[in-house]
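In this text, all values refer to a predicted model and were calculated from it rather than measured experimentally.
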Amino acid sequence: MTEFPVVRRSECPFDPAGGYTALRQAPGPTRVSTPAGVDAWVFSRYDDVRKVLTDPRLSSRSAPSAHVVPGADLEREIEDGSILQSDGERHSDVRRLVTSEFTVRRIQALRPRIQQLIEEHIDAMLATEGPVDLLTAFALPIPSLVICELLGVPYADRAEFQARSAALVAIDRPEDEVARANDELQQYMASLAMAKIEKREDDLLSRLITRAEEQGAPLTVPALVSIGLTLLIAGHETTANMITLSTLVLLRNPDQLEALRENPELAPSAVEEMLRYLTIVQFGLFRHVMDDLPIGDLTIKAGEYLVAAISSGNRDETAFADPDEVDLSRNASAHLAFGFGAHQCLGQQLARVELQEVYTRLYARIPTLRLAVPFEEIRFKDNTLVYGVTALPVTWDR
């Protein structure tokens with residue numbers, strides 16, 4: 001049986017794992033064996049991915065990338081307040097509670113603060129003497145500060161939760177290390193949630209507590225822990241990796257970088273194209289089949305599993321012309337990088353604004369930005385659920 005594709009081609013680390021082109025050319029979904037030890041059907045074409053991600057007969061009760069985690073508990077209990085695991089009305093109730101915090105209007109109101117943080121961190125980099133790691137000096141602090149301020153999490157605690165969240169998104173860490181990181185994060189967020197219940201402030205967690213009480217359905221501490229950790233980890237891990245990885249792509253495509261510098265109004269379309277091209281949730285989205293699912297002459301039985309391969313869908317030549325090329329002027333807004341359907345990423349508007357402001361300001365203020373090491377020395381995060389680089393040493397003319 002075909003193995004689920006997890007290994008990228010060495011000649012282009014920005015391309016999805018090899019094998020997807022052949023899977024897209026198959027007449028229907030392909031059954032594969034996954035690292036988790038179960039078989040699953042892979043949907044790899046753009047239209048098919050969109051279709052399955054809106055099908056109510058599919059459940060997301062495991063973690064979205066559980067299929068690539070050896071030994072993952074695919075039948076684990078659904079956490080109270082889980083946005084990622086719950087389905088149907090249970091999912092809608094939690095999502096409705098949180099959605100008002102991520103409306104376009106509310107996120108646009110954050111734009112000046114995001115601009116200020118970006119300018120301050122560019123100033124700090126320019127004040128240094130030598131090359132800097134863009135990941136630690138710029139890409140991690142910006143989204144971390146934003147999500148910490150939004151949630152009401154003390155920024156001083158960021159180093160600890162970043163280290164622990166890194167353990168959770170890795171697929172090659174020892175089980176005891178992952179369990180310990182998860183326990184520590186749970187305890188941390190539980191303490192914070194109880195503090196917010198006692199003393200409300202002007203932050204997302206406090207507003208959630210008050211809103212739920214007003215609706216007659218107070219949130220439990222475990223529910224607040226689940227919501228808080230999901231937003232905290234997703235809010236910094238994904239955007240930080242997008243900043244570094246897309247910067248690396250632009251440095252490798254100087255004509256596109258120059259176009260962005262000369263036309264900053266390209267930033268919104270550049271963000272969508274980079275999201276499409278990179279699709280950093282690299283292993284797709286795992287789903288349980290709850291009822292028989294007829295697909296042409298095939299019926300996927302209830303109890304089986306499938307994977308919606310969003311990275312493959314974003315490189316589907318029937319949906320995007322020349323999909324393996326970076327074209328910042330392309331209209332790529334229909335990409336699948338944030339997922340699709342009921343579980344589409346809640347924080348996508350925040351990510352868009354953060355990336356737009358980075359693309360507008362970083363490359364304009366440091367026009368000679370370049371790698372400080374040969375490209376071949378860059379190490380990629382092949383074994384993490386969110387793709388990126390381990391460090392991005394950069395320098396510039398002074």
Note: [X]-[Y] ion pair, threshold 4.0 Å (strictly below):
X      : Y      : value
Glu304 : Lys301 : no
Arg180 : Glu177 : no
Glu325 : Arg330 : no

For the [atom1] atom of [X] and the [atom2] atom of [Y], what is their distance to the nearest 0.5 Å?
X      : Y      : atom1 : atom2 : value
Thr103 : Gln349 : OG1   : CD    : 9.0 Å
Leu355 : Glu272 : CG    : CD    : 9.0 Å
Ile142 : Leu362 : CD1   : CG    : 9.5 Å
Trp396 : Thr368 : CH2   : OG1   : 8.5 Å
Ile107 : Glu354 : CD1   : CD    : 8.5 Å
Arg207 : Leu150 : CZ    : CG    : 6.5 Å

Any chance the rings of Phe320 and Tyr46 have centres within less than 6.0 Å?
-> yes
Begin from the C-alpha positions of Asp133 and Thr136 and carry the test side-chain hydrogen bond (donor to acceptor under 3.5 Å, both in side chains) through to its verdict.
-> CA-CA 6 Å; Asp133 174 14; Thr136 54; 3.3 Å; yes
More than 12 heavy atoms of other residues, nucleotides or ligands under 6.0 Å from [atom1] of [X]: is that the case?
X      : atom1 : value
Glu119 : CD    : yes
Asp322 : CG    : no
Asp202 : CG    : no
Asp297 : CG    : no
Arg105 : CZ    : no
Glu129 : CD    : no
Glu201 : CD    : yes
Lys381 : NZ    : yes

Is it the case that the side chains of [Y] and [X] hold a donor-acceptor pair, with the cut-off being a distance below 3.5 Å and no angle test?
X      : Y      : result
Ser206 : Asp203 : yes
Arg113 : Gln116 : yes
Arg211 : Ser100 : yes
Thr395 : Arg370 : no

same_hphob_cluster([X], [Y]) at 4.5 Å side-chain heavy-atom cutoff:
X      : Y      : result
Leu135 : Leu248 : no
Val389 : Met125 : yes
Ile310 : Ile280 : no
Val69  : Leu84  : no
Leu232 : Ile83  : yes

What are the two closest heavy atoms between [X] and [Y], and how far apart are they?
X      : Y      : answer
Tyr363 : Ile243 : OH-O, 4.5 Å
Leu58  : Asp87  : O-OD1, 4.3 Å
Val289 : Ile300 : CG2-CG2, 3.8 Å
Val49  : Ala309 : CG2-O, 3.8 Å
Ile78  : Gln85  : CA-NE2, 3.7 Å
Tyr20  : Ser44  : CD2-CB, 4.4 Å

What residues, two or more places apart in sequence or in another chain, satisfy ring pair (Phe, Tyr, Trp, His ring centres under 6.0 Å) together with Phe338?
-> His335
A cation-pi test, strictly: NZ or CZ of [X] under 6.0 Å from the centre of the six-membered ring of [Y] and no more than 45 degrees from its axis. Yes or no?
X      : Y      : result
Arg252 : Phe375 : yes
Arg315 : Tyr277 : yes
Arg8   : Tyr387 : yes

Show your reasoning for whether side chain to side chain contact (heavy atoms under 4.5 Å, CB included) applies to Phe14 and Val249.
-> CA-CA 8 Å; Phe14 306 123; Val249 169; 3.6 Å; yes
Residue pair Asp48, Arg45: steps toward the salt bridge (Lys or Arg N to Asp or Glu O under 4.0 Å) verdict | CA-CA 5 Å; Asp48 292 340; Arg45 292 193 286 263; 3.4 Å; yes
Could you walk me through whether Arg90 and Asp93 pass salt bridge (Lys or Arg N to Asp or Glu O under 4.0 Å), step by step?
-> CA-CA 5 Å; Arg90 188 175 179 181; Asp93 288 345; over 6 Å; no
May I ask you to decide if Ala223's main-chain N or O and Ser226's side chain share a donor-acceptor pair within less than 3.5 Å?
->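 No.
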Test side-chain hydrogen bond (donor to acceptor under 3.5 Å, both in side chains) on Thr299 and Asp292 and set out the steps.
-> CA-CA 6 Å; Thr299 295; Asp292 286 357; over 6 Å; no
Residues forming a side-chain hydrogen bond (donor to acceptor under 3.5 Å, both in side chains) with [X], sequence neighbours excluded:
X      : answer
Tyr359 : Ser246
Thr318 : Asp316
Asn182 : none

How far apart are the C-alpha atoms of Glu79 and Arg61, what are their side-chain angles, what is the distance that settles it, and do they pass the salt bridge (Lys or Arg N to Asp or Glu O under 4.0 Å) test?
-> CA-CA 9 Å; Glu79 298 173 353; Arg61 68 173 183 260; over 6 Å; no
Taking side chain to side chain contact (heavy atoms under 4.5 Å, CB included) as the test, write out the residues that go with Gln356, two or more places apart.
->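 Gln356 satisfies side chain to side chain contact (heavy atoms under 4.5 Å, CB included) with Arg111, Pro268, Val271, Arg352 only.
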Under 3.5 Å, sequence neighbours excluded: what are the donor-acceptor pairs made by side chains of residues 32-42?
unit_1	atom_1	unit_2	atom_2	d
Thr34	OG1	Ala36	N	3.4
Thr34	OG1	Val38	O	2.8
Thr34	OG1	His67	O	3.4

List the steps, then state whether salt bridge (Lys or Arg N to Asp or Glu O under 4.0 Å) holds for Glu213 with Arg200.
-> CA-CA 13 Å; Glu213 288 176 350; Arg200 314 292 164 84; 3.0 Å; yes
Report the C-alpha separation of Leu185 and Asp183 in whole Å, then their side-chain angles, then the decisive distance to 0.1 Å, and conclude whether the side chain to side chain contact (heavy atoms under 4.5 Å, CB included) test is met.
-> CA-CA 5 Å; Leu185 277 172; Asp183 287 346; over 6 Å; no
